[in-house]
Amino acid sequence: MNGIVSFFSGPAYIALYTYREGIRKKVLIGFLVLSLLVIFGSSFISSFLDPSSETDIDLKLIKDICVTAISIFGVLITIYISASVVPGEVESKVIYTILSKPVRRIQYLLGKFLGAQMIIIVNLLLMGVLFFMALYLRQGVMPTLLLWSLLLTYFEFLIVSAFTFAFSCAATSPLVPTIGGLFIYITGNLTEYLKDVEHRAGQTGQALDKIIGDIASALHAILPNLQNFSIKMQIINGQPNDPPTDVLIPNLILYGLVYCLAGFACAYLVFWRKEV
Amino acid sequence: MSAIIKTQRLNKIYEGALRGQDVHALKDLNLEIPEGQIFGYLGPNGSGKTTTVKMLLGLIFPTSGSIEIMGSKSISSSTIKRNIGYLPEGAYYPDFLQGEEILAYYGRLYGLKGKDLKRRIDETLEMVGMQRARKRLLRGYSKGMRQRIGLAQALISDPSILILDEPTTGLDPIARKEIRDILLRLRTEGKTLLISSHELLEVEMICDRVGILFDGVMQTVGAIDELLIQRDMLIEVDGVTENIVSEVATYGVKLEDRIGTRSKFRMEASSSMYDVFELCKSKSLRILSVTPRRESLEELFVRVIGAAEAARR
Ligand SMILES: Nc1ncnc2c1ncn2[C@@H]1O[C@H](COP(=O)(O)OP(=O)(O)OP(=O)(O)O)[C@@H](O)[C@H]1O
Ligand SMILES: [Mg+2]
């Protein structure tokens, strides 16, 4: 027990200070302000057009804009933070003073990763709360479905974050991991198409097509399917206080955690003997 | 005299992007640093001092060879690192924090907390003279202030081994003196210090042993008193006349300086010192001072590096 406490105390402090540092980053604040403006601003759409005649269509549009804004800005923040927490310290050489303390590399990575998650969660909550308020004020019912959506969105971000983090541990600057993170996010949302590619390539019987099909199938097997985490359609079309249908929350959480673990393991693999 | 830090045939090759771009930064380094002493690690730019230090701390890894600290080869274990304080070359710290927050952060990483932590923060800030700036953000610190806070963070856990990479660069003369005094005091407390430096005068003043590195090879290592050969004596006398000057010259003594009847003579340490004293006595010259002079560390450094450079050509 004592051993566990002392193992996690170092990472806890590193996470705390990572959070304190990260939360002041100008880029991050910029993303956050923008997203809040979009969410806040979208509520005026219908009132601009004609306040008295708010239609169902308007509401759907607003919901669509807000859900999209949260995932786009959220993932940008996720990628930016996950890509920069470690390279930032390598570049500034702050890492020398930390790794020379009684802190193992795994503890350092754990601290940095947890710190990044704290930042991501806080940002997601800020955006979510504003959207929640906007919907509540408009519809008069607690949009509990949104809370489920936020939870799932976080686990989607967790996967993106873990892989971006792994890229960042191999890189010397945040640029490459940022691109890597975007790649994971985009392809992770397109895995359905990969299935399609695999299926159609298999039909022609040509050698090249077969290779393409195999690649697509491999990617489909490896890459996380991030589409699973989206309940956007239900939010837009369904009742705000319905429970989520079509998704198994515990399974998705487990899915997210497994991918996160895999990403983190990759991060440690490249970092444990990295020369800093 | 047991070695608290020991390296055996330590090699470091930095691999370049292309073949032929590799840098062999350390070559078969055998370093032994005795406990309780101050070791001055010298060498021109790019000779491999920082490389050595970073390997001791597990920031980079040896290409071959071994490192032992406090008798243990697992130098990245927390037990060993708990005993080491490190000041990296050029000070880099999270600059959104206040001086004392940095110390609190780093102290906690050493496992300090509560009253102990607070006491150590106060003590180290006091030691490096940063009490007044403790609440200021590091962003607003001057170079010397950063260096001082860097020293404070190296000392925060009261470690028994201190590894300081160029501790006095960027400091004003008073601060240098203060830091020197701190280092000497740490030695009296039984701590072992490894100091890499270009400040030969300072090193000469405080170090017990020095090692001179050139191009990744240790050229000379030893106790400073043994390395600096005694060169000559300076004797200052009063009542000198023209006659005496020429007579003294026959003993192999050279006139260095003369103002009126006062003269300074330089004589080889090996030369017949007593003959000169006899002469002074017989001519009833008054001996004002006799100063043995040894080679300065700078002279040794220049000599050793000069020889190494010549050998390389
Ligand atoms: N990360 C690195 N990659 C490649 N070469 C390196 C790296 N770090 C150091 N070197 C090379 O290793 C050699 C030793 O460098 P090192 O920094 O250890 O020197 P130093 O003795 O500390 O010099 P200085 O007095 O300038 O601080 C140099 O030739 C340097 O160019
Ligand atoms: Mg150096």
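Note on naming: letters A, B, ... go to the chains in the order of the sequence lines (proteins, then strands), and numbering restarts at 1 for each one.
Formation of a donor-acceptor pair under 3.5 Å by the K81(B) side chain with backbone atoms of L99(A) is found in this model.
The contact between P88(B) and chain A is made entirely by side chain atoms (from C-beta outward), counting heavy-atom distances below 4.5 Å. Proximity to chain B (any heavy atom under 4.5 Å) is shown, for I14(A), by both the backbone and the side chain. Using a 4.5 Å cut-off between heavy atoms, L97(B) contacts chain A through its side chain alone, with no backbone atom that close. Looking at S157(B), neither its backbone nor its side chain comes within 4.5 Å of chain A, counting heavy atoms on both sides. For R24(A), the part lying near chain B is the side chain, with the backbone staying farther off; criterion is any non-hydrogen pair under 4.5 Å. Of the atoms belonging to S92(A), it is backbone heavy atoms, and not side-chain ones, that fall under 4.5 Å from chain B. With a 4.5 angstrom heavy-atom cutoff, R105(A) touches chain B only via side-chain atoms.
With values rounded to the nearest 0.5 angstrom, L59(B) atom CG is found 7.0 Å from Y96(A) atom OH. To the nearest 0.5 Å, the span separating NZ on K113(B) from OH on Y13(A) amounts to 6.5 Å. One distance of note links CZ of F96(B) with NZ of K25(A); it measures 9.0 Å at 0.5 Å rounding.
When each of Y14(B), Y93(B), Y110(B) is scored by its heavy-atom pairs under 4.5 Å with chain A, the top score falls to Y110(B). Between chain B and the residues E89(A), K274(A), R273(A), the most heavy-atom pairs under 4.5 angstrom are made by R273(A).
In this structure, the side chains of K101(A) and S78(B) stay at 4.5 Å or more apart for every pair of heavy atoms.
For T97(A) against Q153(B), the heavy-atom pair with the smallest separation is CG2-NE2, 4.1 Å. In terms of heavy-atom proximity, F61(B) sits nearest to E275(A) at N-OE2, 2.8 Å. Across all their heavy atoms, S100(A) and L57(B) have their closest contact at CB-CD2, 3.9 Å.
Atom CZ of F40(A) has 12 or fewer neighbouring heavy atoms from other residues, nucleotides or ligands inside a 6.0 Å radius. Remark: R82(B) CZ is packed, more than 12 non-hydrogen atoms of other residues, nucleotides or ligands lying under 6.0 Å away.
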| query | Can Y105(B) and R20(A) be said to form a side-chain contact (heavy atoms from CB on, under 4.5 Å), step by step? | reply | CA-CA 12 Å; Y105(B) 179 20; R20(A) 284 185 59 186; over 6 Å; no
